[in-house]
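Here's the structure we're looking at; comments come further down.
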Amino acid sequence: MRGSIMLAAALAAHPVGAAAPFEVQPLSNGDRPLAAWLPGTVRCDGAVVSPVTMRRPLTRLGWSGPTPQTASLTVSFDVDQAGRPLSIRRVSPDYGAYSEDVLPSLAASRFPAGEPRAKCQITYTQRMTAMADTPVEDLVSYSLYRPDGDLPWSGWNRIFTMNGDCADRPLPPPLVQVYPDFRKIPATPGSRDWSMVTYDQNARGRTRNVRTLYSTGNTALDAASVKAMRASRHSGGARAGCVYPYWRGPRRLEAPPSPDTMSLRPATSNCDASDDRYVTQPRLIYLDAYGKRSIEGWAIVAFDVAPWGELGNLRVLASQPTEDFGKQALQVLRSARKAPSQTGHVGCVDKIVFRMGPADEEAAAS
C-alpha cells in the first residue's frame with residue numbers, strides 16, 4: 001500500500017483573529033466548578049528539564065456537586081533536535097476527566113533547541129475550584145473558548161467587578177467598535193493568543209485608561225488591542241472597569257516528518273502493493289482538540305483484509321506527534337472496506353495524514 005489517506009480540516013472555525021463574542025447573561029449553572037490540569041516537573045532520563053514554553057491545557061467547566069478527589073495524569077514523550085515534544089502518550093491512567101487537551105497542549109510546548117531528549121515524563125494534576133476560588137485569568141481564558149457552554153454569571157461577575165461599575169445593568173453596547181488587523185499580528189504555533197483589555201469611559205462614551213488586564217503574552221496583540229479600544233466608542237454614559245477580549249487564532253503546527261510507509265510493512269505481508277483503493281471510503285474525522293490548536297499529525301496503520309473486503313486486526317505502527325492520531329486513525333479505517341477477493345490479505349499498511357485546510361476553504365479529503 002503506497003498511498004495514504006489525507007484528512008484536511010477547514011480552518012473556518014478558527015479564523016485568524018477576532019473580538020470574542022461578548023454577551024453576559026445570568027445563568028443557572030453558577031455552582032459549576034472550573035477544572036484545570038496543571039503541568040508538573042519534567043524529567044528526562046531522571047534529570048529535571050526546564051521547558052522554554054509549557055502550554056497549559058484548556059480550562060474546562062465541570063459539574064456541580066461534591067468536589068471530586070484530586071486526579072493526576074502521567075505522560076511520556078521525547079524531545080527532538082528542535083525542542084519539539086514527540087511520541088507523546090499517556091502512561092497512567094488511560095483517561096482523565098476533562099483531559100482532552102493535555103496531550104495537544106504538550107505538543108504545542110517547546111524545550112531548548114539543540115538538546116534532544118528521550119524517556120521524558122511529566123505528571124499533570126487536576127485542580128477543581130468553585131467560581132469564587134478560580135483565578136480570574138482562568139475565568140477569562142475559559143470565556144474565550146467555552147467548550148462546555150457559556151461562563152456562568154458568577155464567573156463574569158468576578159471579572160467585571162474587580163475594577164468598577166461596568167457590569168451594572170443595562171450593559172453599555174458599543175457605538176463604534178474598532179478591531180485590530182489580525183493578519184498583521186504574529187500567531188503562535190498550536191496555541192490561540194488572547195488579550196483582555198480594561199478601560200473606563202466618560203459621559204460621551206470615549207474610552208480612557210485603556211490597558212491590558214490579562215493576556216497570553218503576545219505583545220503585538222496586546223498593543224493592537226489597546227490601540228483598537230482607544231479608537232472605539234460606547235454608549236451607557238460614564239463607566240469604570242469595563243473589559244473586552246480580542247484573540248488571534250493559532251498558527252498551523254505542521255506534522256513532523258514520517259517514515260516511508262512501506263518500510264514498516266510486515267515481512268509476512270501478502271497485500272498487493274499496487275491496490276490502494278477503498279470501495280467504501282474511510283469516514284474522515286479530525287480530532288477536535290487538535291483542530292482547535294491547528295495541530296497536524298499522521299499515523300501508519302497495519303491491517304488485514306477479509307475475503308469480503310472488511311478490515312480487521314488493525315494496529316498502529318507509528319504515529320506523531322501524539323498517540324491520539326494513531327487512535328483516531330484506527331477509527332478512520334474501521335469505517336472503510338476493500339474490494340472482495342478470493343483469499344483476502346494480511347499485513348496491509350496505510351498512512352492517514354491529518355492536515356489543516358486553508359482558512360477560506362471548506363473541509364476536503366483526498
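Since this is a predicted model, take the numbers as computed values, not measurements.
If you check the side chains of Ser258 and Lys351, you find a donor sitting under 3.5 Å from an acceptor. A donor atom on one side chain and an acceptor atom on the other are not found under 3.5 Å apart for Ser195 and Ser215. Using a 3.5 Å distance cut-off with no hydrogens or angles, the side chains of Thr123 and Ser72 do not pair a donor with an acceptor.
Here the shortest heavy-atom pairing between Met128 and Pro33 reads CE-CG, 3.8 Å. Listed here is the closest heavy atom pair of Leu253 and Gly190: CB-N, 4.1 Å. Minimum heavy-atom separation, Gly40 to Ile122: O-CD1, 3.6 Å. Residue Arg117 comes nearest to Cys44 through the heavy atom pair CB-SG, 3.8 Å, listed as atom of the first residue, atom of the second, then distance. The nearest pair of heavy atoms linking Asp200 to Gly241 is OD1-N, 2.9 Å. Heavy atoms only, all atoms of each residue included: Val301 and Ala329 are closest at CG2-CB, 3.8 Å.
In this view, Asp193 satisfies the salt bridge (charged side-chain N to carboxylate O under 4.0 Å, His left out) rule with no residue, not counting sequence neighbours. When the side-chain hydrogen bond (donor to acceptor under 3.5 Å, both in side chains) test is applied to Ser141, no partner is found at least two apart in sequence or on another chain. Under the rule for a side chain to side chain contact (heavy atoms under 4.5 Å, CB included), the partners of Asp260 that lie at least two apart in sequence or sit in another chain are Met262, Ser263. Not counting sequence neighbours, the partners of Glu100 by the salt bridge (charged side-chain N to carboxylate O under 4.0 Å, His left out) test are Arg60. Qualifying salt bridge (charged side-chain N to carboxylate O under 4.0 Å, His left out) partners for Asp94, counting only residues two or more places apart in sequence or in other chains: none. Residues meeting the salt bridge (charged side-chain N to carboxylate O under 4.0 Å, His left out) test with Glu310, sequence neighbours left out: none. Judged as a side-chain hydrogen bond (donor to acceptor under 3.5 Å, both in side chains), and not counting sequence neighbours, Asp80 has no contacts. For Tyr199, the ring pair (Phe, Tyr, Trp, His ring centres under 6.0 Å) test picks out His234, with sequence neighbours left out. Checked against side-chain hydrogen bond (donor to acceptor under 3.5 Å, both in side chains), Ser269 has the following partners two or more places apart in sequence or in another chain: Arg265. Evaluation of the side-chain hydrogen bond (donor to acceptor under 3.5 Å, both in side chains) rule for Gln320 yields Ser87 as partners, not counting sequence neighbours.
Of the possible donor and acceptor atoms, none in the side chain of Ser335 sits under 3.5 Å from a partner among the backbone N and O of Pro282. Remark: the backbone N or O of Leu61 is paired with a side-chain donor or acceptor of Asp148 at under 3.5 angstrom. Ser341 contributes a side-chain N or O that, together with a main-chain N or O of Gly344, makes up a donor-acceptor pair within less than 3.5 Å. Between the side chain of Glu323 and the backbone N or O of Arg90 there is at least one donor-acceptor pair closer than 3.5 Å. Within the 3.5 Å criterion, the main-chain N or O of Ala240 finds a donor-acceptor partner in the side chain of Asp165. With hydrogens and angles ignored, the 3.5 Å screen pairs a side-chain donor or acceptor of Ser319 with a backbone N or O of Thr322. At least one donor-acceptor pair closer than 3.5 Å links the side chain of Trp298 to the backbone N or O of Pro256. Counting only distance, with no hydrogens or angles, the side chain of Ser232 and the backbone of Val178 share a donor-acceptor pair below 3.5 Å. Formation of a donor-acceptor pair under 3.5 Å by the Gln81 side chain with backbone atoms of Ala113 is not found in this model. The backbone N or O of Lys119 lies less than 3.5 Å from a partner atom in the side chain of Asp78, making a donor-acceptor pair.
For the pair Leu287 and Phe354, the minimum side-chain heavy-atom distance is below 4.5 Å. In this structure, the side chains of Tyr98 and Gln126 come closer than 4.5 Å at one or more pairs of heavy atoms. Proximity of Phe77 to Leu86: side-chain heavy atoms (C-beta onward) are nowhere separated by under 4.5 Å. Taking 4.5 Å as the limit, some side-chain heavy atom of Met131 sits within range of a side-chain heavy atom of Pro152. Contact of the Arg293 side chain with the Leu58 side chain is registered, since non-hydrogen atoms from C-beta on lie closer than 4.5 Å.
A cation-pi contact, defined as under 6.0 Å to the ring centre and within 45° of the axis, is absent between Arg248 and Trp194. Taking the ring axis of Tyr278 as reference, the NZ or CZ atom of Lys338 stays within 45° of it and closer than 6.0 Å to the ring centre.
Heavy atoms from other residues, nucleotides or ligands lying under 6.0 Å from CZ of Arg233 number more than 12.
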Kindly list each side-chain donor-acceptor pair under 3.5 angstrom involving residues 46-56, sequence neighbours excluded, with atom names and distances?
{"from": "Arg56", "atom 1": "NH1", "to": "Asp138", "atom 2": "OD1", "distance (Å)": "3.2"}
{"from": "Arg56", "atom 1": "NH2", "to": "Asp138", "atom 2": "OD1", "distance (Å)": "3.4"}
{"from": "Arg56", "atom 1": "NH2", "to": "Asp138", "atom 2": "OD2", "distance (Å)": "3.2"}

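Each ring-ring contact (aromatic ring centres under 6.0 Å, His included) pair with one or both residues in residues 118-143, not counting sequence neighbours, would appear here, but there are none.
The aromatic rings of Phe325 and Tyr286 stand perpendicular to each other, their planes meeting at an angle above 60°, with 30° marking the opposite boundary.
Remark: Met356 CE to Glu296 CD distance equals 7.5 Å, nearest 0.5 Å.
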